[in-house]
Amino acid sequence: SRSAAVASPAAVGTGTEDPAKRPIRKERARKPIVKRTMAQAGAPRPPGSAYFEKKGEVHELRQLLRGAAAERDNQKKRDAIKKVIAYMTLGIDVSPLFSEMVMASATNDLVQKKMVYLYLVNYAESNSELAILAVNTLQKDCRDDDPMIRGLALRSLCSLSLLNMIEYLQPAVQRALEDNNGYVRKTAVVGVVKVFHISRSAVLDSDLLPSLKRLVHDNDAHVVANAISAVEEVTADEGGFQPTKEMMTNMLNRLNHFSEWGQCAVLKLLAKYQVEDEGEMFDIMNILDSLLKQSSSAVVLSVTKIFIDLTSNRLELQIEVLRRLKGPLLTLMAAPTPELAYTVLVHVHALIARGPEHTEVFQADFKQFFCRYNEPSYIKAIKIDILTLLGDLSTAEPIVSELSEYVTDVDAEISRRAIRAIGKIAVRQPHSAELIVGSLTSLLELDIDYVSTEAAVVMKDLVRKYPEQFQRASGAVERCMKIVAEPEGKCAILWILGEYGLMIEDAPYLLEPMIDDFLEEASGPVKLEILTAAVKLFFCRPPEMQRMLGRALEKAIEGTTHPDVRDRALLYYRLLEQSPEEARRVICAPKEVVEEFQEEMDQEQKDRIFDEFNTLSIVYKQPAAKYVVSKAATFVMARMQPPPLGGGGGGGGGADGEDDADGFGGGAGGF
């Protein structure tokens, strides 16, 4: 009962109650509290307590920061700031420490400054009240005596991507653009671009843009490189930055002072420069020739683009230039980084594909493009494409022999590509047809489905171009029929059976199992090819094919739901019913020998892609307009225009005017 569970007031007041009879609830309530407090460090934390613990940790960090500031212990201060940044990167809100962190910025320690700036920028963007405190601190540091601190403060200030900060950013950036330290000016150049993305008018309608353009003539190469990129970005809607002769002369004569990325920026700007005459062209080429010794693929490919553009209307000179470029390109092609090697290889492929004269330059070095067993598949694929182009009278045999080795590659796609490459060489080089047909015949006999399929497709193309070579391959058709399972391969074999039924002794009996399984065949194109092959064989071997053809037409008309198959069967049936001779004239019409096959890409598109050399267009094999979103109506890639034919000329010319034994022609000495 309730009265039994609770002691009477009198008993409690007098304390005469038996201790054994006291309620045990109170005792139990005390003990667990003591135990939980003592064991809290080792016990698992209950869910929901993290919020309160973080509050405690923020308080602890505040004490650490204040204690370190009071003791003036730099190491303790650095550790405390590091701890704040660590919590911030974990997503814990440490914004209540803003005032302490602002006070912590009053130091000459660069490490502490960097961490404090990181904190200020992170929280100032999300809290406009805190942003004012951050801006005041950063503005003060932008006037510091130490250029490193000035640069760091300016970079952090420009990182505040807030429109209401423009009034603070603009004067700070303007002042830094005229700073006497190169690092600060370089940071200010990047700051102009950041301001531009916040407010275009703050740059275009102020003194920032003229000041930025003046820095293109700066004494510091790093500042110049950044200024070129910044002006290009800011003036993109107006067609970008247009270089002058004085500007390019200054930059080219200081080219060796730039980093590799700075050199790329200068070369990209040079592509917009209009060369006046041949003398100026040779001067530029002789200056850039020294860059071909660099290990940077970006620089070498940039120089390659300029050389190719400058000589685009002088084929003989372009071939001479290509011979000069061959060595550096082959060296870069062997780069240990496969992605870089691939980039160089696709550009080499584009150069070789320009024409027979360009191909001839690389033919002597065809072995450089043989595949290694441990190369990635994408490297092997582009090398096979290059070897296909390099096959000629003298190199076809070793190249075909090498490609035949790739047929057994573990990657089925590389195997297929190698077989197709062998076929392309045979189509382009008639003298090698006999050798290649023999090689393909041996491939048809391999017990590998995809190899036999590709070999059958290539063989079909070859006998269309070289009908006289079929006799060598006829023996492998029967074996191939039993192996090939892919629709494309079956279509190729059936086409061969229909065209060369007289030369294949067992042709009707090779076709019969496919007619019997006609309704089980899933592929529409294969069914169409079975019908065509059956009718063609009927005209050359009527006694053996009459019943088979009847069964094939009956199954196609009555047993299939494929409309194309049924329509073709009805067409053949009605032609034969009307006049067998007329049907022969229509179905077995003589075919002209194929001279060349349709290219995958037309020449106009190839030229358009080649004009965008040293861009992703070469890698994607698509013009930039297909993958670049541009505000302009049409995307135009900068391309250096060659000088007019018959202009200029003159004495020798390197950068300093002396002759260069390894250089190109002579110049007028303008550079």
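Just so you know, these numbers use all the heavy atoms, side chains as well, and skip hydrogens, waters and symmetry mates. Throughout, residue positions are numbered sequentially from 1 according to the sequence presented. Fair warning: this is a prediction, and the values are worked out from it, not measured in the lab.
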Q.
For Q274, is the CD atom crowded, meaning more than 12 foreign heavy atoms sit under 6.0 Å from it?
A.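 Yes.
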Q) Is the number of heavy atoms from other residues, nucleotides or ligands within 6.0 Å of CD (E316) greater than 12? A)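 No, because the 6.0 Å sphere around CD of E316 holds 12 heavy atoms or fewer from other groups.
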Using atom types as modelled and distance alone, determine if a side-chain donor or acceptor of [X] lies under 3.5 Å from a backbone N or O of [Y].
X	Y	value
T311	R314	no
R608	P623	no
R541	G501	yes
T560	I557	no
Y450	V484	no
D385	R417	no
E512	M548	no
E612	A624	yes

Q) Any salt bridge between R372 and E375, counting N to O under 4.0 Å? A)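 The answer is yes: the pair qualifies as a salt bridge.
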Can a side-chain donor-acceptor contact be found between [Y] and [X] if the only test is distance below 3.5 angstrom?
X	Y	answer
Q242	Y273	no
E357	Q318	no
Y406	E402	yes
E233	H197	yes
D409	S415	no
T395	D392	yes

**Q.** Geometric cation-pi criterion, R354 with F610: 6.0 Å, 45°
**A.**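 The answer is yes; both the distance and angle limits are met.
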Q) Could K383 and F370 be counted as a cation-pi pair, given that NZ or CZ must be under 6.0 Å from the ring centre and within 45° of the axis? A)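 Geometry flag: not set, cation outside 6.0 Å or 45°.
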Q) Do P467 and Y500 come close enough that some side-chain heavy atom pair is under 4.5 Å? A)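 In contact.
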Q) Can you tell if the side chain of K268 reaches within under 4.5 Å of the side chain of E232, non-hydrogen atoms only? A)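 No; the side chains remain at least 4.5 Å from each other.
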Q | E339 to Y378 - nearest heavy-atom pair and separation | A |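 Here E339 and Y378 meet closest at OE2-OH, 3.8 Å.
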Q. Pick one: which of S296, S302, S297 meets side chain to side chain donor-acceptor pair (under 3.5 Å) with E260?
A.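 When side chain to side chain donor-acceptor pair (under 3.5 Å) is applied between E260 and each of S296, S302, S297, only S296 qualifies.
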